[in-house]
Amino acid sequence: MARRYDTNDATDRVTGLREAASAVRRGELVVLPTDTVYGIGADAFSSEAVADLLAAKGRGRNMPTPVLIGSPNTLHGLVTDFSELAWELVDAFWPGALTLVAKHQPSLQWDLGDTRGTVAVRMPLHPVAIELLTEVGPMAVSSANLTGHPAPENCDHAQEMLGDSVSVYLDGGPTPANVPSSIVDVSREVPLLLREGAITADELRKVVPDLEVAN
């Protein structure tokens, strides 16, 4: 039976974050609020938990799961060949709605799907998400919806779709925006905007004037 906690209530928040952290460490799934939409998350280093996440969403390995982190410093252990331009994007837009696709460290023991040596990573601007990520480390997190359905703006919608496949729901109320993050590929020499979301190409070009945009 899934448990749900209201993180706007001080007591429930403490209990919910503790239970969510325990669930993640056991290899179970949790739903958490972010600054874009609600996410379904698992321990990024548990291949079984990530497989369960993909199964809960009805999503294939051809759509790898992004990773959320609680601090830019965590990048040092996750990515390689991270350029100065990439760090400038981090400085300008993190925490926030910018996902960066970078080459991951070859030594990492994880299986996020068919990543082809890269990882999509983001630091969200949401206190509940940051607190959980700080406690448990990097999490594989995807929007908390069944594949093909709209991404949820509140915990009710997430729970209606995912039910008891998730152990703990952290209800932070409606998310600030229902706009997905922008995705920039920084694994190449010239950064490439793969998806324009909450941060526009014009805003990104203030930091990376030569930014290319995918067709």
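Just so you know, these numbers come straight off a predicted model, no measurement behind them.
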Next item on the list: Go through the steps for Asp210 and Arg205 under the test salt bridge (charged side-chain N to carboxylate O under 4.0 Å, His left out), then give the verdict.
Entry: CA-CA 7 Å; Asp210 295 333; Arg205 284 201 172 102; over 6 Å; no
Item checked: Check: Thr99/Ser181 side-chain N/O donor and acceptor closer than 3.5 Å -> yes
Next item on the list: Tell me yes or no: between the side chains of Arg59 and Ser142, is some donor less than 3.5 Å from an acceptor?
Entry: yes
Check this for me, if you would: do [X] and [Y] make a salt bridge, where the nitrogen-to-carboxylate-oxygen distance has to be below 4.0 angstrom?
| X | Y | result |
| --- | --- | --- |
| Arg195 | Asp185 | no |
| Asp35 | Arg122 | yes |
| Lys206 | Glu88 | no |
| Arg13 | Glu131 | yes |

Next item on the list: Check the pair Asp111 / Arg61 against side chain to side chain contact (heavy atoms under 4.5 Å, CB included), numbers first and verdict last.
Entry: CA-CA 10 Å; Asp111 183 3; Arg61 287 178 52 82; 3.0 Å; yes
Notebook entry, point to check: Under the side chain to side chain donor-acceptor pair (under 3.5 Å) criterion, do Asn145 and Ser143 qualify, and how do the steps go?
Noted result: CA-CA 6 Å; Asn145 60 297; Ser143 55; 2.5 Å; yes
For the side chain to side chain contact (heavy atoms under 4.5 Å, CB included) test, which of [options] pairs with [X]?
| X | options | result |
| --- | --- | --- |
| Leu29 | Ile40, Leu162, Val50, Asp43 | Ile40 |
| Ser71 | Leu75, Asn73, Ile69 | Asn73 |
| Val31 | Val166, Asp171, Val168 | Val166 |

Nearest heavy atoms of [X] and [Y], plus distance in Å:
| X | Y | value |
| --- | --- | --- |
| Gly197 | Val179 | C-CG1, 3.7 Å |
| Asp156 | Arg4 | OD1-NH2, 2.7 Å |
| Leu146 | Ala56 | CD2-O, 3.3 Å |
| Ser167 | Ala23 | CB-CB, 4.3 Å |
| Met161 | Ala144 | CE-O, 3.8 Å |
| Val141 | Gly41 | CG2-CA, 3.9 Å |

Next item on the list: Go through Glu28 and Asp52 one step at a time and tell me if the side chain to side chain contact (heavy atoms under 4.5 Å, CB included) criterion holds.
Entry: CA-CA 8 Å; Glu28 298 171 1; Asp52 287 344; over 6 Å; no
Distance (rounded to the nearest 0.5 Å) between [X] [atom1] and [Y] [atom2]:
| X | Y | atom1 | atom2 | result |
| --- | --- | --- | --- | --- |
| Leu112 | Thr118 | CG | OG1 | 9.5 Å |
| Arg116 | His104 | CZ | NE2 | 12.5 Å |
| Lys57 | Ser165 | NZ | OG | 10.5 Å |
| Glu160 | His149 | CD | NE2 | 11.5 Å |
| Leu100 | Trp87 | CG | CH2 | 10.0 Å |
| Glu19 | Arg3 | CD | CZ | 5.0 Å |

Do [X] and [Y] touch side chain to side chain, with heavy atoms closer than 4.5 Å?
| X | Y | answer |
| --- | --- | --- |
| Trp94 | Val121 | yes |
| Leu133 | Met139 | yes |
| Val186 | Val79 | no |
| Leu194 | Val101 | yes |
| Leu17 | Tyr5 | no |
| Tyr38 | Cys155 | yes |
| Gln159 | Asn154 | no |
| Leu211 | Val184 | yes |

Kindly work out whether a path of hydrophobic side-chain contacts (I/L/V/M/F/W/Y, heavy atoms less than 4.5 Å apart) joins [X] to [Y].
| X | Y | result |
| --- | --- | --- |
| Leu85 | Ile183 | no |
| Leu192 | Leu98 | no |
| Phe82 | Leu78 | yes |
| Leu193 | Leu89 | yes |
| Leu53 | Val24 | no |

Flag, side chain of [X] to backbone of [Y], donor-acceptor distance under 3.5 Å:
| X | Y | result |
| --- | --- | --- |
| Thr175 | Val37 | no |
| Arg188 | Val190 | yes |
| Thr15 | Thr11 | yes |

Note to self: Check the orientation of Trp110 and Phe45. Use parallel for under 30°, tilted for 30 to 60°, and perpendicular for over 60°.
What the structure shows: parallel
Checklist line | Exceeds 12 heavy-atom contacts within 6.0 angstrom, atom CD of Gln105 | finding: yes
Item checked: Stepwise side chain to side chain contact (heavy atoms under 4.5 Å, CB included) check, Ile199 with Phe93 -> CA-CA 9 Å; Ile199 301 171; Phe93 297 108; 3.7 Å; yes
Next item on the list: Assess whether side chain to side chain contact (heavy atoms under 4.5 Å, CB included) is satisfied between Glu135 and Arg25, documenting all intermediate values.
Entry: CA-CA 10 Å; Glu135 180 67 25; Arg25 294 189 183 104; 2.7 Å; yes
